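Worksheet for the structure shown next.
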Amino acid sequence: MHGLASDGGLFLPEEIPSFPKSFWESLHSISFQEIGYQTAKLFIGDEISEPKLQEIIQRSINFPAPLVNLNDQMHVLELFHGPTLAFKDFGAQFMARTMEHFVKDDNRELVILVATSGDTGSAVAHGFYGVEGIKVFLLYPSGKVSAIQEKQLTTLDKNIVALEIHGTFDDCQHLVKSAFTDDDLKEKLNLSSANSINIARLIPQSFYYINAVKQLKSSGKEIIVSVPSGNLGNITAGLIAKHMGLPIAKFIAATNSNDVFTKYLSSGKFEPRKSVQTYSNAMDVGNPSNLERVRSLFGDDLEEMKSEIASFSFNDDETVSGIKEVYDKFGYVIDPHGSVGYHAMKKYLSLQNKKDYDAIVVETAHPAKFKGVVENTINREIEMPERLAECIKMKKHSIILDSKFETFKDFLLSTR
Ligand SMILES: *Cc1c(COP(=O)(O)O)cnc(C)c1O
């Protein structure tokens, strides 16, 4: 429920549990939800009763994560079949159901504040949509999110309220941070955050790596996974699955021009920078928050880390060429994030001169979310998934506020 530890660090399990051998032997015959249940159980123990945990899994892992074969060796793991068409839905759904469980006996409503520059906010909002006892205020910068993103943020009702702030994303984040340190608000409202570093978002992300390996037809080949990375949360979840025993030989952290992690891995120097805008904007991160988790998983040993992770970075021109190449070669429409992942996979394979392998490129978002650049590149219209088309037709509801803290505070108090 705390998100951040009291010393400002991120939570990790003290120990990464491992599965018994029998789990791996029976993997091919168990469902995605059963994988989720067995994995979560190892972390959660009896903090949540078995039937309740089953229910949380049933209600959060309720869309597929299929592995699509481009050819015998190259596969795409599609993580965009959730309500907001990006992998963040897995984490957000599970976190929302888990928090719902822990607040159900509280008589005070839990008020969640989320500042968003787009995708995280809509995944969190959809996760908490209709959850009893929890209200969500989403703060987003007016005019600074894409039209599709804005619809995804502003067309939910019930317990989700979109606040359109006249300011920047940093202003939104500042308002949220100020609320958490305001004594008056803290006393009158039961405030919580649901930020992307919450451990309850990482655990469910490990499920789909295990489910991906299950879907590989050929067994025994070396498995390599390329993860389009920004804050490094998704790759951390993959590493956790590996440390539980999942046989993945190498992870590749694919970055765009925001290549702080790629540089760190090659030089050992961590030099956070201001982020720059790219086509794969969910990876525009200049100071990846989960790096400390990755370091911790390797006991802060860079050589150990390099033995399990490689990293390569690609710019926007290369992102476009990757979308084109995947389409021309395989007839598959990949989004800008997936394209960076594809390039990084190819680069790794060429350096290793590998002949026999199973390569999995993680596709983190649906290409329709990036309609403009994708359609211009492949010269073809792409299909809009129905849930996105529905959402775009709906009417926007937002409350417009200026970026002064007093305005925001008065507003929050008026909602009690
Ligand atoms: C958030 C996001 C990423 C980056 O994931 P991290 O866990 O921050 O590394 C990549 N692609 C998409 C579409 C995302 O939404």
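The shown structure was predicted, so the numbers you read here are calculated from the model rather than taken from an experiment. Counting starts at 1 for both ligands and their atoms, following the listed order.
- Considering backbone and side-chain atoms together, A282 places no N or O closer than 3.5 Å to any N or O of ligand 1.
- The M283 neighbourhood of ligand 1 comprises atoms 10 (C), with distances under 4.0 Å to a heavy atom of that residue.
- Here the heavy atom of the protein found nearest to atom 2 (C) of ligand 1 is K88 NZ, 2.5 Å.
- In N234, the parts holding a heavy atom less than 4.0 Å from any atom of ligand 1 are both the side chain and the backbone.
- A salt bridge is defined here as a Lys NZ or Arg NE, NH1 or NH2 lying under 4.0 Å from an Asp or Glu carboxylate O, and D259 with R273 meets this definition.
- One finds a salt bridge joining K393 and E390 here, because a Lys/Arg side-chain nitrogen approaches an Asp/Glu carboxylate oxygen to under 4.0 Å.
- Considering both main-chain and side-chain atoms, G233 comes within under 3.5 Å of ligand 1 through a nitrogen or oxygen pair.
- Closest to atom 4 (C) of ligand 1, if we only count protein heavy atoms, is G230 N, 3.6 Å.
- Looking at E308 and K242, a side-chain N of the basic residue comes within less than 4.0 Å of a carboxylate O on the acidic one, giving a salt bridge.
- A salt bridge links E100 with R59: at least one charged nitrogen is closer than 4.0 Å to a carboxylate oxygen.
- The protein atom (non-hydrogen) at minimum distance from atom 8 (O) of ligand 1 is N231 N, 2.8 Å.
- The pair R295-E292 does not count as a salt bridge, with every side-chain nitrogen at least 4.0 angstrom from each carboxylate oxygen.
- In summary, E50 and K41 engage in a salt bridge, as defined by a charged side-chain N under 4.0 Å from a carboxylate O.
- Scanning the protein heavy atoms around atom 3 (C) of ligand 1, the nearest turns out to be F87 CE2, 3.5 Å.
- Using a 3.5 Å distance cut-off with no hydrogens or angles, the side chains of D157 and H397 do not pair a donor with an acceptor.
- Against a heavy-atom cut-off of under 4.0 Å, A365 is close to the following atoms of ligand 1: 13 (C).
- Counting atoms of ligand 1 from 1 in the listed order, those under 4.0 Å from a heavy atom of P228 are 4 (C), 10 (C).
- Residue H243 places its NE2 atom among more than 12 non-hydrogen atoms of other residues, nucleotides or ligands, all under 6.0 Å distant.
- Of the protein's non-hydrogen atoms, the one nearest atom 12 (C) of ligand 1 is T364 OG1, 3.4 Å.
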